[in-house]
Amino acid sequence: MGVTRRNFVKFAIGGVAGLHLTPLPYKLMDDIAIWTQNWPWVPVPPEGEFLSVKSVCGLCPGGCGIQVRKVDERAVKIEGRTDYPVNPGGICPSGMGGLQLLYDRDLRHTGPMKRVGPRGSGDFMEITWDEAIKTVAERIASLRKNAKTEALVSVDGNSKGSTLSLMIERLTKAAGSPNYVRMPSLEDTYEMGNLLMMGNNGPMAYDLENSDYVLSFGSGLLEGWGGPGRIMNAWAVLREKASKGGATVVQIESRASNTASKSDKWIAARPGTDAALALGIAHVIIRDNLYDQQFVSNYTSGFEKFKTMVLGQYSPEKIVDITGVGKEAIKAMADGFARAKAPVAIYGKGKGTLNGSLFEFMSVQALNALKGNINKPGGIIISDPLPLATLPAISPDGVAERGILTPRFDQAGTNKYPFAVSLINNLIDVINHSDKSPVDTLLVFSANPAFTLPDSGEVNRALKKIPFIVSFSPFRDETSFMADLVLPDHSYLEKTDDIVRPNGLQYQLYGLTRPVVKPVYNTRSAGDTIINIAKAVDTKTASSFPWKDYESVLKIRAKGLFDSGGGLVRYKGAEPAWKWKTASDGPDYKSFGDMWKKIKTDGLWYRKLMPSAIDSGIFKTASNRFEFFISQLELAVKDYPTAAPGGNRLKELGITVEGDAAFMPHYEGNHHHDEQLPLTMAPYEMVNLASGWAPSPPFAYKTIFDDQLLGSDSFAIINPGTASEFRIKQGDYIIIQSKACAVKARASLSHGAMPGVVYMPLGFGHTAYDEFIREKGVNPNLLIPPGKDPLSGHPVWWTTPVKIMKG
Amino acid sequence: MKKEHDQGKYKYGMVIDLDKCTGCGTCMVACAAENNVSVRPDESDKQRSISWMQVYKADNGKEFPEAETVYFPRPCMHCEQDGRGGHAPSCVSVCVATATTLDKNTGIVSQIYTRCIGCRYCQAACPYKARYFNWWDAYFPVDKGLERYLSPEVSPRMRGVIEKCSFCHHRLMRARTKAYADGRRKIKENEYITACAEACPAQAITFGDLNNPKHKVAQLIKSKNAFRILERLNTKPKVYYLSSRDWVRKIADNPVDEFSPISG
Amino acid sequence: MLPFCFEWVWNVDHIIFFGLLYTALTIVATCVVIAAIKTVMQVFGFTRQRHF
Amino acid sequence: MDSKLLPEGVERCSFGMFILWMLPWLAILAWGGLAAVLCLVKGLNQTNMSNVFAFALWIVFDLGVIALGAGAFFSGFLTYVVGKKELKNIINAAVIIGFICYSGATAMLGIDIGQPIRGWFIFWHANIHSMLVEVSFCITCYLGVLIVEFVPIILENRKLDQIKELHIFGHNLHHIMGVIAASGTFLSFFHQGSLGGMFGVMYGRPFAARDGFYIWPWTFFLFVLSAIASGPCFTIICTKLTELLTRKKLVPDNAIQLLAKVSGWLLSLYMVLKIADTLVWIYDIAPRAGFKFMDFYREGPYGVWMVAAELFVCGIIPAIMLMTPKIRENQGMLVTACLLNCTGIILNRFVFIIVTLAIPVMPFDRFLSYLPTWQEWAIGFAVIAYGFIVFSLSYRYLPVFPKERELNPIAG
């Protein structure tokens, strides 16, 4: 049969029909289905063995327990730990996204770098570790050779008492410089206030979990205050109690923050008037005889003077005028606070990391003293520092001895700032007001002053003047972009480091991070780098650092915990660590070796809450009592010479009131009033946006609302009434101008804002990092002029006079 | 209706205590990290960014200083019905390619990414806006290194498909595998919880089997403060909320008539 | 669409839906095939082309 | 130049003129093609659609175009099934318009889905409970039917008709047209209805949700009705536009008047039902979901005026105009009524798509609005340009209007 036209057609039709009886078309369909599901650009995470590694979060001083889920060598998820006392299971959004901060190549310095572009550009060239260390060491060595060691300055953002901060201070001193400068923090305010009123500078904490009445003076408990993991859990505990009618939280804040919204009572006091309000409450408590008379008569001094002042000058009528809070509300707070079993008045605005006003804090602390709730359940807890071993003293040579004795550039501890330990803003001032920067080499550790300090413009000007800056930051932050040399630290997931008593914790806890993954990039633990640098400077400097590596330093210090006796290294979670105990617990380890091994795997050593009794001499003031009338301050005013002949000592300290009130907690009044700048700018912090040194993980930007950040614009919150005065509508661009600077933002109208106040979130406006973080919004620090808090000399963050206009 | 309780052995659900919720967003981050949701350079484009767990913000509408804020964390509601008695949620009954189904045995509404053609009908049908479309390819630029934290338990999605909260279904699988390895047939109450419930620092989220009276969720939903969002639509969501504040319960639904407060 | 797929269920819904669908398709296809076959037949002269 | 291809005995403009006329449409088509490539290669991020506006301009275009394309199946039904012989003079035009509408809509849908390459999953993994599956199946099948209906018209081209096989085939196809038209009607009925059903079954969206009959919400029937009420009007508009552009009378008045009359009656029936439906919606469905009628129109540009425009200006008025012989016999009035009718239907589709999605259901959610990007407009306009191109080509080379020769005798 030949191939005729007819046959061909038949064959074709038959073929097509027959084909459909075979599985071929269906198989092909399926293959196409599978093929359409494999795109080469969709990442396929490799499978592997699942592991879980316990550690501690090191992103903030809150020190939450974390466990990291791993697939082979890759860390894939961070979760909260239930076997860690701080945070039963939960962690904060930043901690949750920590892996992005570990792996994102554009967020991190991937190795030691030398700057090649202009300062601020972020153009670096990778060099070897040997070269990097040699460069720093030579720089320090040359300062030592020329006896100019004071020109070496370290800026340290690590929490106080951590081993790393000791090492940094040690390196600075051993090289011969007194200029070890810490970033300003709330700890400074606490420390100064407590030293003045109680003579005690041990860590202070609020026993929130056991409290039944929390009077919060602007503390953003839900904005990331203290250790967010712990505080949020404490919040749940308080809520649980509240549902049974047992706990009240009163939030005093001018903005309807999360804390204000979620608390039982929101009291909107004008920004900057907290001291007046606290003293107004004190007035009612004293007037109505609601204070703890036994405590006041047995353990305090200067009460009569305080009483006279408070009754004379802080009548509710006056307070209503100052704060805008109603008389009934003041009375209700006084009653609530004084009649509660375990009340506590807490201080520290926003996240509780930026310093506050010293007199404000002391006014709040006075309330606690009136109620006598010091080292009592639910009150404030003053305890001894962790019993860590001290490191052997350094052995400075002649050069260093000379250098250490030169005056600090920041004038901290001088007659002008007698109680301050370090004042970085003064350092910035000094640099900007000299022709040539007195600072030759600046070492920056775990800090980002170019972004986080007020008046950022001035800070950057100062940084530009410094001849040589070395950054140890693992992150590509603004300050490291100003650096000439970067010696990147590991991230907290790659190194062993201690977290010495997480922020604000009432019981003693030592946390230890561990390398969860092998270093992802060519970085080195800053502790090791410090030792390496010291060894490379010269033998004399090296002799102060006789250790093999940083971990051995940690181990030496931890030995102190063992020597103190007791303590636990395992936490079961059955009984919360904040439950008050009468008897000491532990130990649950055999030897120091055993203890250290267990700490290294589980990351903790702790003691359950058992503070020293009130009568065990915790007040170490001249009177051995809690001082309402601060003798040490009186001494500093009356006995110290004035800076300028014939000057007013009080004025020099920044105190404006006269008479006895100057030596007691008092309200300084509003001196910022300026016709040209009729509004107040109050920065605010958010738990889901990092505003400190470590950046927010990109994940956190999912949680930011689009009336907080939209595209590259951040929003300033304004009351609709105020906005209508300026004809500003939701989403309009506005210019906010202060003495320091003018910035552009968009307006977000909210009834949660106090009329006349402009609220701007801290943490936006980065100019470094990568596309997730860079150029998003504006940094309110630019607006904040370098004010000085009376007496402490620290920056004033929380009220800035501004004006706004449509932009 | 009477069949409703016989349908499945398990009915996993969630209770979110809005009095405890602080709006911190940890649930959102935990969810994104657990489920390989990528972050785009501009996450402020809320209409196109992906967040299976989304925290909504609402206020009581009053003026300063009476203004109050509440946060509604909103995962997929895993509805049981479409609102007119159909025994599949709105999104499931409309899906053209059977890419999403309601597992009658667990109550979980699944999403098969490799099956989805991206018609977005489910998105239009969902009143909770719980469904998200991948307008872009997942953002894991080459050399950025971010793909290293991806979990192999959840398959990353390609552009052009819908994704949504799965009640961390892979965690159920994990728990089942573990129970099986231990020779148990049942998983314990806290063995299977979602990443958001686990992460919540304020312990506002409780997760468990609504069918099991011993589970905390089953007890919590009996509270007089318990409610669901848009209850009137009758979609029978398995995510419940608790709030002692009347105005919060009131704005969770669209009441035509007067809202009657329950707490004095 | 075809009984090979796991979505396929032998229930009333499917029978009605696909029943109607395939009926309609079959009718259309049959008509076209008939037209085609008729054309082929007429072209090759098996039947005479009718004129109207 | 192309004179051999032109139908016999009719006048057509010069080839150069024709090319000039086609150029702008081709340009728009190319513009749309570029947009389509961008959307296919880069993804739907090229549009302004979002998780809120999951359906947007394209779907409005699709639904509008499919409703207006209903003229094809309904005229076919009237011609072949009911046996209205006078409609034979317009059925070709109706079929071509239908083909344009459906093929254009299908092409747009191909771009609109996130994974076009998996489009066939609709058929392969069909979920028969989804209205969209019903739509897809019926539209695809009906597009096939339209092709079968279109092929004989193409085969009537002078050159093609000379090929014996094709001539016979075309002839044979004509024979089966009755059956094809009937199945086309069946398929069309279901997909027009399912398109309405798509929105009516969104019970989570009280703005769109409707109760109904068996599995079909009332929108199912309303969409069918509105489509067959407006489709013929669109056919009339297209014919009138062609007559205007060619300056020729192409269709006898009786055909047009019949279509207009049928449209008018259907539209008035639709209006009665639509108003009843709206009242039920206002007084039953919305309150059940916790909404007051005015809640839907609290924010944004979509106010109550849309209801008034849809029901009265573009509903009742054209219905009366079309039903009144005096009015519809006036050419200007006829076209106005047809335009109003079509506008009303597009407005209806717009409301069901865009307004439904724009109105938040969760009370604490926000109202959002949407503006299409140029890519979306380009693809929308490209479909229009495609329509002009196909219709122009058909008019030029095919005997679309059987009475053209009779009505326009060439002098000499």
Side-chain angles (χ1 to χ4, degrees), chain A residues 37 39 41-48 71 74-80 87 89-93 96-97 99-100 103-106 222 228-229 232-233 235-236 239 243 256 258 261-262 266 268 687-688 698-706 709-711 719 750-755 771-772, chain B residues 17 19-26 28-30 32-34 36-37 39 41-46 49-51 55 57 59 61-71 113-114 137-138 140 143-152 155-159 195 198-204 244:
Chain A
Q37 292 158 11
W39 300 115
W41 57 80
V42 176
V44 181
E47 300 273 347
V71 177
R74 296 189 301 124
V76 299
K77 174 90 189 294
I78 297 178
E79 282 158 7
N87 57 316
I91 48 173
C92 79
M96 193 49 105
L99 292 181
Q100 289 184 321
Y103 284 125
D104 188 339
R105 187 186 301 267
D106 300 334
L222 304 181
M232 297 254 198
N233 176 61
W235 186 267
R239 277 345 312 148
S243 64
N258 284 2
S261 278
K262 294 284 172 179
W266 169 37
V687 64
N688 47 352
F699 273 135
Y701 285 82
K702 280 192 185 291
T703 69
I704 310 265
F705 291 102
D706 58 359
L709 180 75
L710 190 62
N719 184 279
S750 161
H751 285 294
M754 176 176 273
E771 70 273 27
F772 294 121
Chain B
D17 189 336
D19 293 339
K20 283 185 186 166
C21 169
T22 66
C24 70
T26 306
M28 291 173 70
V29 176
E34 177 82 21
N36 294 345
V37 177
V39 180
D42 181 13
E43 279 288 336
S44 70
D45 182 3
K46 296 296 173 194
S49 72
I50 297 177
S51 183
V55 175
K57 184 166 68 170
D59 60 57
K62 292 194 179 163
E63 291 196 359
F64 184 88
E66 258 89 50
E68 270 179 44
T69 311
V70 69
Y71 295 94
Y113 316 119
T114 47
D137 290 310
F140 292 102
D143 285 344
K144 205 171 169 70
L146 282 174
E147 73 289 340
R148 279 177 285 192
Y149 67 69
L150 286 178
S151 153
S155 52
R157 280 73 61 183
M158 54 290 289
R159 171 231 288 173
E198 177 188 85
C200 180
Q203 290 140 43
S244 58

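Note that the structure is predicted; figures quoted are calculated from it, not measured.
Contacts between P43(A) and chain B at a heavy-atom distance below 4.5 Å involve backbone atoms as well as side-chain atoms. Only the side chain of V42(A) comes within contact range of chain B, judged by heavy atoms closer than 4.5 Å. There is no contact between D59(B) and chain A, counting heavy-atom distances below 4.5 Å. Proximity to chain A (any heavy atom under 4.5 Å) is shown, for Y71(B), by both the backbone and the side chain.
Between the side chains of Y701(A) and D42(B), no donor N or O sits under 3.5 Å from an acceptor N or O.
With chain B as the partner, the residue from N87(A), D706(A), V44(A) showing the most heavy-atom pairs under 4.5 Å is D706(A). For chain A, the option among E66(B), M158(B), R157(B) with the highest count of heavy-atom pairs below 4.5 Å is M158(B). The candidate with the highest count of non-hydrogen atom pairs below 4.5 Å against chain A, out of A204(B), A30(B), G23(B), is A30(B). Note: R148(B) leads E63(B), E68(B), R148(B), E43(B) in heavy-atom pairs under 4.5 Å with chain A. The most heavy-atom pairs under 4.5 Å with chain B, out of P46(A), G80(A), P755(A), G711(A), come from G711(A). Considering only heavy-atom pairs separated by less than 4.5 Å from chain A, the leading option among G145(B), A138(B), P41(B) is P41(B). Of the listed residues (A202(B), A199(B), P156(B), P152(B)), the greatest number of heavy-atom pairs within a distance under 4.5 Å of chain A belongs to P152(B). Note on A256(A), G48(A), P698(A): by heavy-atom pairs under 4.5 Å with chain B, the leading option is P698(A). Taking chain A as the reference chain and counting heavy-atom pairs below 4.5 Å, the highest number among N36(B), D17(B), V55(B) is found for V55(B). Counting heavy-atom pairs closer than 4.5 Å to chain B, the top-ranked of the candidates L710(A), D104(A), I704(A), N233(A) is D104(A).
For the pair N688(A) and C24(B), the minimum side-chain heavy-atom distance is 4.5 Å or more. Using a 4.5 Å cut-off on side-chain heavy atoms (C-beta onward), V29(B) and T703(A) make contact. Two residues are said to be in side-chain contact when any heavy atoms from C-beta on lie closer than 4.5 Å; H751(A) and K62(B) fail this criterion. Contact annotation: the side chain of E147(B) never approaches that of R74(A) to less than 4.5 Å [non-hydrogen atoms, C-beta and beyond]. Residues K20(B) and W235(A) form no side-chain contact, since every pair of their non-hydrogen atoms from C-beta on lies 4.5 Å or further apart.
Scanning all heavy atoms of the two residues, the minimum distance from P45(A) to S151(B) falls at CG-O, 3.5 Å.
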**Prompt:** What do the steps show when you test V70(B) against K262(A) for side chain to side chain contact (heavy atoms under 4.5 Å, CB included), and what is the final call?
**Reply:** CA-CA 8 Å; V70(B) 69; K262(A) 294 284 172 179; 4.1 Å; yes
**Message:** Using the rule given for ring-ring contact (aromatic ring centres under 6.0 Å, His included), can you reason through Y149(B) versus F699(A), listing the C-alpha separation, both sets of side-chain angles and the distance that settles it, and then say yes or no?
**Reply:** CA-CA 12 Å; Y149(B) 67 69; F699(A) 273 135; 5.7 Å; yes
**Message:** Please determine whether side chain to side chain contact (heavy atoms under 4.5 Å, CB included) holds for the pair Y103(A) and L150(B), giving the CA-CA distance in whole Å, both sets of side-chain angles, and the decisive distance to 0.1 Å.
**Reply:** CA-CA 11 Å; Y103(A) 284 125; L150(B) 286 178; over 6 Å; no
**Request:** Verify side chain to side chain contact (heavy atoms under 4.5 Å, CB included) between T22(B) and M232(A), making sure each step is shown before the conclusion.
**Result:** CA-CA 8 Å; T22(B) 66; M232(A) 297 254 198; 3.4 Å; yes
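Summarising the geometry, atom CZ belonging to R239(A) is positioned 12.5 Å from atom SG belonging to C21(B); distances are rounded to the nearest 0.5 Å.
Judged by the 6.0 Å distance and 45° axis criteria, K46(B) is not positioned over the aromatic ring of F705(A).
In this structure a side-chain-to-backbone donor-acceptor pair under 3.5 Å is present from K702(A) to I50(B). Checked by atom type and distance alone, the side chain of S261(A) pairs as donor or acceptor with a backbone atom of T69(B) at under 3.5 Å.
Note: W266(A) and F64(B) have perpendicular aromatic rings, judged against thresholds of 30 and 60 degrees for the angle between ring planes.
Here K144(B) pairs with D106(A) in a salt bridge; the nearest charged N to carboxylate O distance falls below 4.0 Å.
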